[in-house]
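Heads up, the thing below is written out as C-alpha cells.
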Amino acid sequence: MLVRDAEWLVLSTAPTGSGLLVTVQGLSELVRDTTATFYSDLDDIEPLDPAQAKVEADGSSGYRRAKLWLEATLRKTPVPLHEDALTVSTQMLADPLDYQRAAVRKALDRDNLRPRLLIADAVGLGKTVEIGMILSELVRRGRGERILIVTPKHVLEQMQQEMWTKFALPFVRLDSLGIQRVRQKLPATRNPFSMYKRAIISVDTLKQSQYRIHLEKQRWDAVVIDEAHNVMNNTTLNGELASRLAPQTDALILASATPHNGKKDSFARLVRLLDPTAVTPEGDLIEDEVKRLIIRRHRHSPAVAMEVGADWAERQEPNNVLVPASPAEAAIAEELSTVWLHPQGGRSPYSGENASLFPWTLAKAFLSSPSALDESVRERLKRLRKGDADSDVQREIDALERLEQLTVTALSSSSGKYDALLQHARSIGVGPKSEERLVVFSERVATLHWLRQKLAKDLKLSDKQIRVMHGGLTDQEQQELVDSFKQSASPIRVLITGDVASEGVNLHSQCHELVHFDIPWSLIRIEQRNGRIDRYGQKHSPRITTLLLDVDDHEFAGDVRVLRNLLERETEAHSALGDVASLMGEYTAVAEESAIRDVLLRQRSFDDAVPTVEATLEDGDEITRLMAELAAEQASESENDATRAPDDTPKNETANRQQRDKTDIGTGLFPDLVSFLDTALAERFTTPTADVDHGGVAWSRTNAIAQIEPTADLRQRLEVLPQSYLRDRRVTERLLLATTPIQGKAEVDSAINNKSSPSTWPHAHFLGPLHPVLDWAADSALSRLGRNRVFAVRGAVDHPVVVVHATLTNRAGQVVAGSFLTVDFPGVAEHSFHFTQSHADARAALAHVGFTSEVKTNPGAVDAAPLQDLIPTAVDAARNQAVQQMEATADDIRRRVHQWAARIDDWQGAAAEQTQLRGLREHRDRVDDESKLVERMTPNQHFVRPLLVVAPADSPTAPEEHPGSEH
C-alpha cells in the first residue's frame, strides 16, 4: 500500500476507535525495514491494484528470491479462521493429545460466532497446553495479534514459560517488576497496555483502579482468564474485571477445573461472558448453547485415559496414617473436647459472639500443629487483655491460659504427627545428599515455619534445601520458588507450603510424594493440593500421605473420623467423577468448611453434607447434572471415534485430519524451517557467518543447533521475550536455536533435569513456526521485492502459468476462506484463451507448475516483458473462479450469521416483555454489542493476489541484466 508517499508492506490490521489500525513495514528506500502503524481515519491509505502488478524476473541462484518471497508471503497470510486442519499448534514442543486437539477444534468451531470456550477439564489434564494451542492457532489465523492472559499471581511465570517454551508465544509479564519497567518507559497518562501486544498479568494487579480504567480503552484479539471460577460473582472486583474484558475481545478463553458453584445465577454470569444469548433474559440456561461453549473431561474419561498412558502414572492407594497422639497432645485434645468443643455444661468459655465457631478454630489450629494452636491462643489472649475483664471474659482468659500451658508443654515435647512426618521423610530417602523430594501442605503459616525449623535440624538440611511458601511472599518470591522446585539442579528437597500453591502450580517435574500435615475441611482444597503432583507429565505413581491424629477421647476421636471419611470420599469422587466439587454441592472451599463444621457440631449428618457418588449423580443440582451430561456426551463421542471399524468413514476422516495437522500450511519450497532461515540470511547478508560488526550475524549450524548474533532490528523484536529468559540465556548477544523437535525437547528436558543448568529456560529455543526470528526473516524477504510486483521464474510447464491466491474476508477484515489457483495461458499472444484450475493448497499449486524445492538451478533471468500482459487477465479470471468457488463457503457463513441474528432477535424480543428483571439493562447492552458483531461477520470482499508467473523451461533470457538478478 501507499501512505505518505512511501511504499509499505501490510503486516496486520486491527479495528480501533480511530478506524483501522494498520501495522506495516517499509519497502521504499527511506523507510526500508522500518515498522510503523497508521490509522485509516488519520492517514490516506491507498491500496495497490493487483491487476497492475509488475512482473520482475528472478535471476537469483536456484530462484532463491522467489522461493523466499513465496514462503514469506504464505507464512504472513492468515489461514481462514475455520480451517479444519490444525496448523502451528501441532508443530511445537507440546505433545498434543487427541483430547487436547478436540479442545482447539471446539474453540474454532464454525458454529461459534467467534472463538469462545470454557475449558472445564479436571485438575491435571493440561489446560495450559490447550490454551497455548488455541492461541497459536488464532495467531496463525490472523486473530491473535493482541492477547491478554489474566492469571493468579503465583503462576505468572509458569504460564509465561509454557507459552514461550512450548509455543514460541512471548508474553510480557506485568508482575510487580514488570509494572515498574513499564512505568519507567511510559508517561503516567499513557495506557500501559498499548506498549505491548501480548501481556500476562495477575488478576490482583489488573483489578486495581488505575488499570481497570485503561481496560475499557483497549481492544484485544484474545483474552484468557485462568482459574475463571474466581470471576463468577459480578459484585466482586474480579467479576467486574471479567465483565469489562469480555466485550473488549474477539476470542475469550476461560479455564477452570471448578467452573461453577452450584448456583444457576453465578454460572449464568460465567456463560454470559462467552455468549450473552446463551442465557435467557430471565436467567435460564439454554442447554444446547451452553454445551457448545464448554468442554469437560477428567482423568478417567475414556478419551483421556486411553491417551495419557505412562505420561500420567496412576495415583497410588491413599496412604492415610493414623498417628497416636503424644501424652502432651492427648492432654490438649481432652482439654479442647471437654472444655471447648463438647463442654459438660453445654457452654464453652468463649465470651464473644458466635460461640460455636471459635472452639473449632482452636481445634483446627491444634490439628495443624501445637505451634498453630499456640499462635491462636496468644492472639486471642492479647485481644482479651486489652479490654475490661468481666466475669465471662475472665472465665475465657482462665481457660485459655490453661490451654496455653498445655500447648507450651506440647511444644517442648514430642509430637506424634511430626514424628510420623519425619519417619515418612526418612523412609522415602529425603536427606541432604538425596535426590528425593517432598511437598508438605499445611494451612497455617505458624505450622509451616515450625515444620521447617524441626525438619531442617532432624534431616540435616541447609536453608537452601528446605523452603517455605505462603501467601505473605511477594509474587516474585513465589514464582522463584516454584521455578526452582521444577529443576533437577534445584537444592530444594522439601517444600513446605500453604494453600497458595494448591491452585494452578505444577510441582510434579521432580516430585511424586505429597503429605497433608493437616487436612483441609474441603474436598476442593484436598483435590487442588493433590493435583500439584498428580497431573499429566507425572512419570512416577504419585503417593498422597495424610497424617491423622488418633486420640483416646471418644468425642474428639469422632471428630477426627469425620475428616478421615472426608478423605475417603475425595478418593471415590476422584476416580468416579473426576470432580469432587459436585459431591458436597458447595463449590467453594469456604462453604465446604462451613458444612464440615456443621457436621462436627452435630448439626448435620456426614452423609447429608458429603453425599456418596451415587447419591450425587441421582440428586445433584441442575448445573451438576448439566456438567455430568456434557462430560458423558463428550466421552461417548471420543469412545465412538476410538472404537469405529477400520473402514468406517468417520474414523478415516479423523485419521486424515490428524495427518493434515502434521504439516503447517506452507509452500513446500524448503525442507524445514531452518533452511528457510538459512536462505533468508544468505539473501540479506553478504556473509551471514561474519559477526555483526563485519556485516553478518555470526550464523552457524552444527547438527541440530543453530546460532545467530542478533542485529539491532532483531534485538528490538526480542525485547518482548520473557525478561528472565533474556537475562539467563543472554539472548540479545547470542541466540541459540534448536532446529528439530527432538533437540527442542531435549533442551527443555535438560533445563529442568540437568543439575548443571542455571535456569529452567532452555539453552537453545526450538525454532517452531511462530518463532519471532522467522517472522523477522520473513519480513526481510518480503521487503526485497518492490511495490506490487511478482516474480517470474521457469518451471515444468508447456506455456506460461500465473499462480494466484484468492481470499474472502468479512466486514471485520478477517479471512474466512482462501483458495490457490493457477491460470494457464496456452498461447501468450491470445490472452483471451486461458483456463483456471483450483488447488488444495499452495504446495499443490506450485507442484502443478513444477516449481518445488527440487528446482536447484537458474539459467538466468527469464524475459519478463511478454509475461506482463498476463497479469490483468489472470487476476480477473482468478477472481471470477474464486467468487464461484467460495460461494458455498460464503453462503454457509451467511446462513450461520442469519441464525445468530435470529437468535439475538428472539432474545431481544423476550427481553422487551420484561421490565423489572434485575440487571436486564446490562445484559441487553451486551446482546446489542453481539448484534453489531454479527453484522461484521458477514462476508463482503474478495481479494486476489498474483504470487508467481511461471514460464516454460526453454523461455529466453532477458535481453539485458534484470534488476532482480544477482551481481
Side-chain angles (χ1 to χ4, degrees), residues 9 11 25-27 29 32-35 58-76 168 170 666-719 721 726 729-740 743-744 747 762-786 791 793 853 855-858 861 963-967:
L9 170 72
L11 300 179
Q25 181 167 341
L27 295 175
E29 184 176 354
R32 184 180 294 274
D33 293 332
T34 300
T35 301
D58 181 10
S60 63
S61 175
Y63 301 112
R64 180 177 71 192
R65 289 177 185 165
K67 290 179 179 178
L68 279 172
W69 187 87
L70 284 166
E71 183 71 20
T73 296
L74 269 296
R75 291 200 169 276
K76 303 289 285 188
T667 63
L669 295 174
F670 297 90
D672 48 39
L673 294 174
V674 71
S675 297
F676 168 68
L677 177 58
D678 196 11
T679 307
L681 294 175
E683 170 65 19
R684 175 170 173 177
F685 302 97
T686 304
T687 311
T689 55
D691 60 31
V692 171
D693 292 337
H694 294 85
V697 286
W699 172 250
S700 69
R701 292 172 59 183
T702 305
N703 297 325
I705 299 289
Q707 73 170 20
I708 185 172
E709 185 179 330
T711 56
D713 59 332
L714 179 54
R715 285 198 301 271
Q716 185 178 16
R717 295 188 183 221
L718 298 179
E719 285 180 358
L721 269 56
L726 293 175
R729 296 306 186 186
R730 303 177 70 176
V731 171
T732 56
E733 299 174 22
R734 186 185 64 157
L735 174 60
L736 294 180
L737 301 167
T739 60
T740 67
Q743 185 64 39
E747 293 290 328
H763 190 53
H765 191 271
F766 176 55
L767 186 67
L770 295 182
H771 202 288
V773 168
L774 291 176
D775 206 40
W776 168 75
D779 290 344
S780 176
L782 291 174
S783 68
R784 298 305 158 203
L785 184 63
F791 277 119
V793 300
S853 59
V855 177
K856 305 293 186 183
T857 60
N858 180 0
S965 62
E966 293 183 320
H967 296 279

* **Full working for side-chain contact (heavy atoms from CB on, under 4.5 Å) between Q707 and W699** => CA-CA 6 Å; Q707 73 170 20; W699 172 250; over 6 Å; no
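A salt bridge links E71 with R75: at least one charged nitrogen is closer than 4.0 Å to a carboxylate oxygen. Between D779 and K76 there is a salt bridge, since at least one side-chain N of the basic residue sits less than 4.0 Å from a carboxylate O of the acidic one.
In this view, D678 and R701 satisfy the salt bridge (Lys or Arg N to Asp or Glu O under 4.0 Å) rule, not counting sequence neighbours. The side chain to side chain contact (heavy atoms under 4.5 Å, CB included) test applied to A72 returns F676, A778, A781, L782, not counting sequence neighbours. Scanning for ring pair (Phe, Tyr, Trp, His ring centres under 6.0 Å) contacts around Y63 gives F851, with sequence neighbours left out.
By the 4.5 Å heavy-atom criterion applied to side chains, L737 and I705 are not counted as neighbours. In this structure, N858 and S61 have side chains that are not in contact, with every pair of non-hydrogen atoms separated by 4.5 Å or more. Residues F766 and T739 are not in side-chain contact: their nearest non-hydrogen atoms beyond the backbone lie 4.5 Å or more apart. Side-chain contact between L718 and Q716: absent, with no pair of heavy atoms (C-beta onward) separated by less than 4.5 Å. Side-chain contact between V855 and L669 is absent, with no heavy atoms from C-beta onward closer than 4.5 Å. Residues I708 and L714 meet the side-chain proximity criterion, which asks for heavy atoms closer than 4.5 Å. Residues E747 and H763 meet the side-chain proximity criterion, which asks for heavy atoms closer than 4.5 Å. Under the 4.5 Å side-chain criterion, counting only non-hydrogen atoms from C-beta, H771 is in contact with H765.
Side chain of R715 to backbone of P710: a donor-acceptor contact under 3.5 angstrom is found. Checking side-chain atoms of T740 against main-chain N and O of Q743 turns up a donor-acceptor pair under 3.5 Å. Remark: side-chain polar atoms of S780 are not paired, donor with acceptor, to backbone N or O of W776 under 3.5 angstrom.
Ring orientation note: the planes of F791 and W69 are nearly perpendicular, at an angle over 60° on the 30°/60° scale.
Atom-to-atom distance recorded for E733:CD and L726:CG is 10.5 Å, nearest 0.5 angstrom. A distance of 5.5 Å separates CZ of R717 from CG of D775, quoted to the nearest 0.5 Å. To the nearest 0.5 Å, the span separating OG1 on T732 from CD on E709 amounts to 10.5 Å.
The minimum heavy-atom distance between D58 and S60, with the atom names listed, is OD1-OG, 2.6 Å. For L721 against P772, the heavy-atom pair with the smallest separation is CD1-CG, 4.3 Å.
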